[in-house]
There are 2 protein chains.
Amino acid sequence: MNLNKYTSHDRILVAVDCIIFGFDGQQLKALLIKRGFEPEKGRWSLMGGFVNQDESTDDAAIRVLHQLTGMDNIYMEQLYCFSDVDRDSAGRVLSIAYFALINIENYNVQLEQDHEARWFPLDKMPALIFDHNQMVEKARERLKLKVSNHPIGFELLPDRFTLPQLQNLYEAIYEEALDKRNFTRKILSLGILNKQNEKEKESSRKGAFYYVFDKNKYKKLDREGVKFI
Amino acid sequence: MNLNKYTSHDRILVAVDCIIFGFDGQQLKALLIKRGFEPEKGRWSLMGGFVNQDESTDDAAIRVLHQLTGMDNIYMEQLYCFSDVDRDSAGRVLSIAYFALINIENYNVQLEQDHEARWFPLDKMPALIFDHNQMVEKARERLKLKVSNHPIGFELLPDRFTLPQLQNLYEAIYEEALDKRNFTRKILSLGILNKQNEKEKESSRKGAFYYVFDKNKYKKLDREGVKFI
DNA sequence: CCAAAAGTGTTTCTATTACACCCATGT
DNA sequence: ACATGGGTGTAATAGAAACACTTTTGG
C-alpha cells in the first residue's frame, strides 16, 4: 500500500469496543468481560480489540463480536469515536464504539466461560475500565432514540415472545412505565405481529399468547422508519 | 507516553474532515476547498487534517475549522467514523467526520481566498474526492434529525433575522415546503424569539420584522430537547 | 376460592393539518 | 394602481393519554 504522501503524520492505535445488549424477557442487559491482559487486567470491561491495517472498523467490530458470542449477522451500529488523549492508561488509543443487539438465547455459553463474560442489568453496571461506562451510557441513549423510530424487537427477542415481554423490553429501554392498553393497541396497529395459538405459561397462571414478527412487514418499517411508541 | 503494552498492533493514520454548513437567508450551503496537495490535488474536497498523537479528534476538528474559517466556539458535532480500507487512494486513512454550523456572516473571507474555498448550495454539490460526498449526505441527514429535536437557528443565522428567513432555513433542511401560518404559530409558541421594532427591507417592499433569540430560553430547549417542527 | 398476571374500549385532550385573505410599501 | 412578499385565525382531523374491570388458571 502506498503511504508515501502522508508519512510525516502521526499514526495512532485504533480499537473497537462493543456494547452488547441483550434482553432476558424482564431486563435489558449488557455483556461484559473480565479483562484478560494488562493494563487493568481482571477488571470489568467491554469486549474490544484493535483495528488492523487491512480491515475497516466495521469488520473489526464484527470480528470482535464473533470472538465473544460465536454469532454472525448480528445487528450492529457504529456509536461514536472516543478519542480523549488519556482515555487509555497505557497509551494513546482511539476507540470506535459499536453497539450490538443480540438474542440472548442464541448465544454461545461456552465462549461466555472462556472470556469470563457476564450479563449485567443496565441499572447494575459495575465500574468499568477507562471510559467504558460512558460508552454504555451513550449506547443506551442511542438505543432509546433508535427505538422511537425503528422496530428493534427482532434483534433482541427470541423468535416467539409475548406482549408483556415486548412491553417489558420497551419499558426497559425507555426507563419508564407504559400503559398496557395503549401499548397493545399501538403495537398491534403496526401490523408486524402475528398471534400464535400457543401460550407462554411460565410467568403467569393464565398464560400469555405468543407472537412472532411478520418478517417482511418488520423490515419495511425498519427501512422506512415509523413513529414507534 | 507508555505504549509498550500494545506495541504489537497496527497503527493507523487518522484524519478529521469537516462538513461546514452555512445559511445565507435563502439556501443551505456547505463550504468546500480546492485540495492543495496530492493525491487529488485541485479537486473539491471537505476541509480536513490529520489527528496528532497528542490531540483528541474534537481538538483536531476545532483546529482544522479554525484554519479555514478563523472562527472559534463554533457549533460542532461528531458525525461518523469512515473507515473503508480503500477510502483514501493514497493509503489507509481513517477519517472521523464532524459537522459544523456557522454563521456565514462572521466568517473570514480572506481565509476563503487562501484556501480557494467556496460555498456550494447542497443541491449543487460537485463531485468530491474519496467518500466526501457520502459524508455530506450523512451530515445532511443528521442535521435533519437534529433539527427535529433541537433549536439550531442560533448557530446558522445572524444575530437578527426574519421569520421568512427562519422558515427558509427549516425548509432547506427538511427539503420540503412548510405552511407559513403553522410555522409561525409553532415557532413563536416556543417562546424563544423576541420581536424587534426594525424591519428588514431588502427582500420585500413591506419589510419583515427582525427577531432575535432569547439566549437563555434557547439554551434550555437545546439542553432538554423539544419536538420542534 | 384466591392470588397473580393477561386481556380488553371508551372518552378526553392535545397537536397537527388544511386553508385564504388583507396589509404595507416601492415603483 | 399594482405587484410583491409579510402577516394573521379558525375549523376539522388524527393521535396520544388517561383510566378500571373481567378473565383465566394453578395452587
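Values below: all heavy atoms of this structure, side chains included; hydrogens, waters and symmetry mates excluded. Naming convention: chains lettered A, B, ... in sequence-line order (proteins, then strands); numbering from 1 in each chain. Nothing here was measured: the structure is a model prediction, and the numbers come from that model.
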(request) Taking the six-membered ring of Phe120(A) (Phe, Tyr or Trp), confirm whether the NZ or CZ of Arg118(A) is under 6.0 Å from its centre and within 45° of its axis. (result) yes
(request) Evaluate whether atom NZ of Lys215(B) has more than 12 neighbouring non-hydrogen atoms of other residues, nucleotides or ligands under 6.0 angstrom away. (result) no
(message) Would you say Tyr98(B) and Asp58(B) are linked by a side-chain donor-acceptor pair, where the criterion is simply a distance under 3.5 Å?
(response) yes
(request) Look at the aromatic rings of Tyr75(A) and Phe99(A) and report parallel, tilted or perpendicular, splitting at 30° and 60°. (result) tilted
(message) Could you check whether Asp17(B) and Ser95(B), counting side-chain N and O atoms only, form a donor-acceptor pair closer than 3.5 Å?
(response) yes
(request) Would you mind building the protein contact string for nucleotides 7-17 of chain C? One character per nucleotide, 5' to 3', B for base within reach (heavy atoms under 4.0 Å), S for sugar-phosphate only, - for untouched. (result) BBBB-----SB
(message) Using the rule side-chain contact (heavy atoms from CB on, under 4.5 Å), only one of Tyr210(A), Tyr211(A), Phe209(A) pairs with Leu163(A); which is it?
(response) Tyr211(A)
(request) Could you check whether the rings of Tyr107(A) and Trp119(A) sit parallel, tilted or perpendicular, using 30° and 60° as the cut-offs? (result) perpendicular
(request) Let me know the distance between CZ of Phe183(A) and C1' of dA6(C), rounded to the nearest Å. (result) 14 Å
(message) With side-chain contact (heavy atoms from CB on, under 4.5 Å) as the test, pick out the partner of Phe228(A) among Leu190(A), Ile152(A), Asn149(A).
(response) Leu190(A)
(request) Could you list where the contact with chain A starts and ends along DNA chain D, reading 5' to 3', using a 4.0 Å heavy-atom cut-off? (result) dA16(D) to dG26(D)
